[in-house]
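These figures come from a predicted structure and were not determined experimentally. Residue numbers start at 1 and run along the sequence shown.
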Amino acid sequence: MNDRKKAVHVGTVVLETVKDHLWLSFAILAVVAGAVGAALVPPLVLGRIVDGLTAGEGLTLRLPLWYLAFTALAGGLESARESALTVFGQKTTHALRSRLMEKEGRLPADELNRQEPGALVSRFVGDVDTVETLFTAGIISMAADACRILSILVVVWQCSRGLAYLLLALLPVLFGFTRFVQKRMLHNQLKNRKAVSRASGYVPETVRNLRTIRTLGKETYMETRYDGALGESYRAIEGTNFYDALYSPVILTVNAVVVGVVMLLSASGDPAVLTLFGMTAGTAVTVMNYISQIFSPLESLGMEIQTIQSAVAGVRRINDFLAQPEQETVAPETENPAAPMVELRDVDFGYEAGQNVLHHLNMEIREGELATLSGRTGAGKSTVFKLVLGLYAPRRGTVRIQGVDPRSLTGPQRRALYGYVEQRFHPVPGTVRDQITLYDDSITEGQVRRAAELAGLAEAIGALPQGYDTPCTPDIFSQGQWQLLSIARAVAADPKLLLLDEPDSALDLANRSRMTALLAQLVHTGGKTALVCLHDPALALDSCDILVVLQGGGVAAVLHPKTDPPAVLQAALAAVYGPLELLPVTDCRGRRRLALLPL
């Protein structure tokens with residue numbers, strides 16, 4: 001299965017779309033062929049009408065009706081072709097985006113982290129849209145236009161071999177001129193986009209740094225930069241307009257010259273010339289129509305080649321993304337309830353080759369314990385969380401959650417096991433309820449309200465205009481309330497293991513105390529296990545059963561704040577944080593606590 005997925009590329013998805021929608025594929029071929037054939041008939045019928053009139057024959061309704069019928073048929077088939085190509089393109093892009101999303105879900109976390117968000121979005125949006133354009137205005141349209149040109153040349157050959165020779169000699173020159181104009185217009189359009197992008201960037205930059213600009217007197221400097229970008233944009237637009245204005249008169253002039261030359265030669269009395277260019281009045285009308293028709297697909301061919309060239313770059317980028325190595329598949333394992341809830345044994349890990357963030361790390365957390373990871377910045381606290389979540393594989397050693405490799409867990413198993421609070425809340429589109437449930441229909445209304453109550457947000461949500469059905473916008477909660485909402489999201493599904501990565505970062509003093517009390521309640525009376533990452537060792541001492549102090553990618557100390565003597569705690573923390581003193585104090589509620597004083 002994995003081998004098949006790794007071999008997927010854009011061509012594979014397109015072929016699968018063709019196979020899945022055979023009737024649509026055949027319909028496209030039929031309407032393309034029909035449109036090309038139907039467009040050839042009206043000029044021939046018109047020629048027959050003119051020849052009949054010049055011969056003194058009476059005009060019946062049959063030929064005019066045939067002319068109108070085939071003209072309408074050609075227009076209808078062209079419209080049907082565009083519609084069918086649009087539908088096919090949409091089905092292809094839908095299948096391609098689905099494959100890209102599947103691929104993204106199978107990429108290792110470190111590979112995803114290396115992806116620039118803008119570049120990743122461009123794969124799903126811009127590059128996939130170019131694939132749709134490749135079919136709606138690229139390959140198939142180019143094939144149709146090429147067939148139209150060839151069919152016109154074949155008919156013209158039958159009517160006037162001299163004109164056919166003239167067109168064969170002229171078309172390459174006109175095509176080269178068309179491509180030259182298109183390239184120059186594209187060059188100027190790209191210059192305009194870059195200039196507009198720069199000018200657009202200067203506006204928010206100016207607003208964002210307005211105080212600094214005014215303080216330093218740099219208004220003129222910013223105006224000069226903005227005016228320069230606008231000037232480049234205007235010059236680029238003028239270049240585009242020049243070539244756009246140049247092209248149509250040149251094509252119309254060539255059209256008129258060709259028609260005039262053919263008419264003059266067909267009126268010549270030279271038998272040799274008449275052999276090549278001689279024709280009846282009706283034939284002259286027919287070939288004049290075909291000459292007018294041949295320039296439109298010629299211009300379209302140039303645009304279609306340009307479209308294909310642009311789309312090929314997008315296809316390559318998508319194929320490169322689909323070819324990236326996927327995360328290693330770990331076979332499902334059986335949970336062992338007797339094993340520690342979290343266990344890391346002799347773990348080495350690093351993000352870059354040859355550089356380890358964790359060295360021979362060992363730690364163990366039993367079910368029903370509230371453990372805190374603490375240490376200085378860069379000690380590896382967040383990295384431990386990523387390993388416990390199964391986002392990365394250790395270079396050496398083992399990571400187990402109740403005896404199971406976390407990478408082997410399925411999506412539903414993860415949702416039932418983990419409740420994860422990140423350093424920043426990441427909203428999803430939808431209501432306040434959606435932020436808590438993450439669209440999980442198995443979470444009941446009672447669980448949603450209980451989670452909000454536990455997080456201390458029930459009153460704030462109740463004050464919103466639509467309560468839990470209020471659409472989420474950035475201004476409905478304060479930064480601290482968003483963090484509390486993250487805690488509500490984590491506990492809503494009633495998980496076994498709570499992982500909180502610096503949950504106090506956006507909380508005020510009162511809410512920090514509420515959070516620590518909530519964690520203690522969930523662990524000691526709610527049957528949970530919690531692993532919390534905290535920078536502040538004082539807060540950790542006040543809340544946890546076990547304090548794991550990290551230093552240099554390893555465990556410097558494992559402390560039990562509720563039972564270890566203050567002198568032991570002080571010595572262990574001082575070895576990591578520098579000189580400090582722990583003082584036993586009694587708070588206003590009569591509880592014995594430890595106050596940490598840096599020296």
Side-chain angles (χ1 to χ4, degrees), residues 97-98 101 104-105 112 117-118 120-121 124-125 204 207-208 382 385 389 411-523 525-528 530 532-534 539:
R97 286 193 173 105
S98 297
M101 184 58 69
E104 184 186 23
L112 279 175
L120 194 59
V121 170
F124 283 80
V125 182
V207 173
R208 190 168 56 249
S382 296
F385 269 50
L389 285 165
Q413 288 175 321
R414 288 175 181 273
R415 184 65 168 142
L417 174 63
Y418 295 119
Y420 182 41
V421 177
E422 298 184 73
Q423 294 179 13
R424 290 181 59 234
F425 182 78
H426 297 284
V428 296
T431 63
V432 173
R433 180 183 289 100
D434 295 328
Q435 308 308 312
I436 297 175
T437 65
L438 292 177
Y439 314 115
D440 187 347
D441 295 333
S442 67
I443 297 177
T444 65
E445 184 68 17
Q447 286 177 296
V448 171
R449 293 180 180 272
R450 179 175 177 273
E453 186 72 38
L454 285 171
L457 269 182
E459 185 177 344
I461 295 174
L464 295 173
Q466 297 169 259
Y468 289 88
D469 294 317
T470 303
C472 257
T473 56
D475 58 343
I476 65 171
F477 292 128
S478 67
Q479 191 173 355
Q481 287 174 323
W482 283 114
Q483 194 67 3
L484 293 175
L485 188 62
S486 184
I487 295 174
R489 174 190 287 178
V491 302
D494 197 26
K496 294 180 181 179
L497 176 61
L498 294 173
L499 300 171
L500 298 92
D501 192 0
E502 298 184 33
D504 61 321
S505 57
L507 301 180
D508 56 27
L509 186 61
N511 278 319
R512 288 174 69 187
S513 299
R514 182 181 183 85
M515 179 204 68
T516 56
L518 167 62
L519 286 176
Q521 176 188 347
L522 288 170
V523 171
T525 63
K528 308 294 182 191
V532 188
C533 172
L534 292 174
L539 185 61

Student: Can V432 and L457 be said to form a side-chain contact (heavy atoms from CB on, under 4.5 Å), step by step?
Tutor: CA-CA 11 Å; V432 173; L457 269 182; over 6 Å; no
Student: Would you say the side-chain atoms of E453 pair up with the backbone N or O of E459, donor to acceptor, closer than 3.5 Å?
Tutor: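 A pair under 3.5 Å: no.
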Student: Minimum heavy-atom separation for A490 to L498, with atom names?
Tutor: O-CD2, 4.1 Å
Student: Say you draw a straight line from CZ of F124 to CD of E104; how long is it, rounded to the nearest 0.5 Å?
Tutor: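 Between atom CZ of F124 and atom CD of E104 there are 4.5 Å.
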Student: Could you check whether any side-chain N or O of Q435 sits under 3.5 Å from a backbone N or O of V428, counting only pairs where one atom can act as donor and the other as acceptor?
Tutor: yes
Student: Just verifying a value: how many Å separate R450 CZ and D494 CG, rounded to the nearest 0.5 Å?
Tutor: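 Here the rounded value is 6.5 Å.
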Student: For the pair E502 and L534, evaluate side-chain contact (heavy atoms from CB on, under 4.5 Å) and give the outcome as yes or no after the intermediate values.
Tutor: CA-CA 5 Å; E502 298 184 33; L534 292 174; 5.8 Å; no
Student: Quick check: closest heavy atoms across Y468 and A452, and the distance to 0.1 Å?
Tutor: OH-CB, 3.4 Å
Student: Which value, rounded to the nearest 0.5 Å, describes the distance between D501 atom CG and Y420 atom OH?
Tutor: 4.5 Å
Student: Is there a donor-acceptor contact under 3.5 Å linking the side chains of D440 and T437?
Tutor: no
Student: Rounded to the nearest 0.5 Å, how far does CD of Q483 lie from CG of L500?
Tutor: 8.5 Å
Student: Please find the pair of heavy atoms, one from P503 and one from C533, that lie closest to each other, and give the distance.
Tutor: CD-O, 3.7 Å
Student: Please round to the nearest 0.5 Å and tell me the distance separating atom CG of L485 and atom CD1 of I476.
Tutor: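 Here the rounded value is 8.0 Å.
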Student: Any heavy-atom pair between the side chains of L454 and Q521 that's under 4.5 Å?
Tutor: yes
Student: Check whether K528 reaches the backbone of P495 with its side chain - one donor and one acceptor, N or O, closer than 3.5 Å.
Tutor: yes
Student: Can you check whether P471 reaches Q466 side chain to side chain, under 4.5 Å on heavy atoms?
Tutor: yes
Student: Distance from T470 atom OG1 to D434 atom CG, nearest 0.5 Å?
Tutor: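 The CG atom of D434 is 11.5 Å from OG1 of T470, to the nearest 0.5 Å.
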Student: Parallel, tilted or perpendicular, judged at 30° and 60°: which one describes the rings of F477 and W482?
Tutor: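 Answer is perpendicular, since the angle exceeds 60°.
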Student: Answer whether the closest heavy-atom distance between the side chains of L499 and L389 falls below 4.5 Å.
Tutor: yes
Student: Please name the pair of heavy atoms, one in T431 and one in D469, separated by the smallest distance, quoted to 0.1 Å.
Tutor: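 Looking at all heavy atoms of both residues, the closest pair is CG2-O, 3.5 Å.
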Student: Can you tell me if CG on D441 sees more than 12 non-hydrogen neighbours from other groups inside 6.0 Å?
Tutor: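 Not buried by this count: 12 neighbours or fewer within 6.0 Å.
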Student: Are the side chains of R415 and S442 in touch, meaning some heavy atoms are under 4.5 Å apart?
Tutor: no
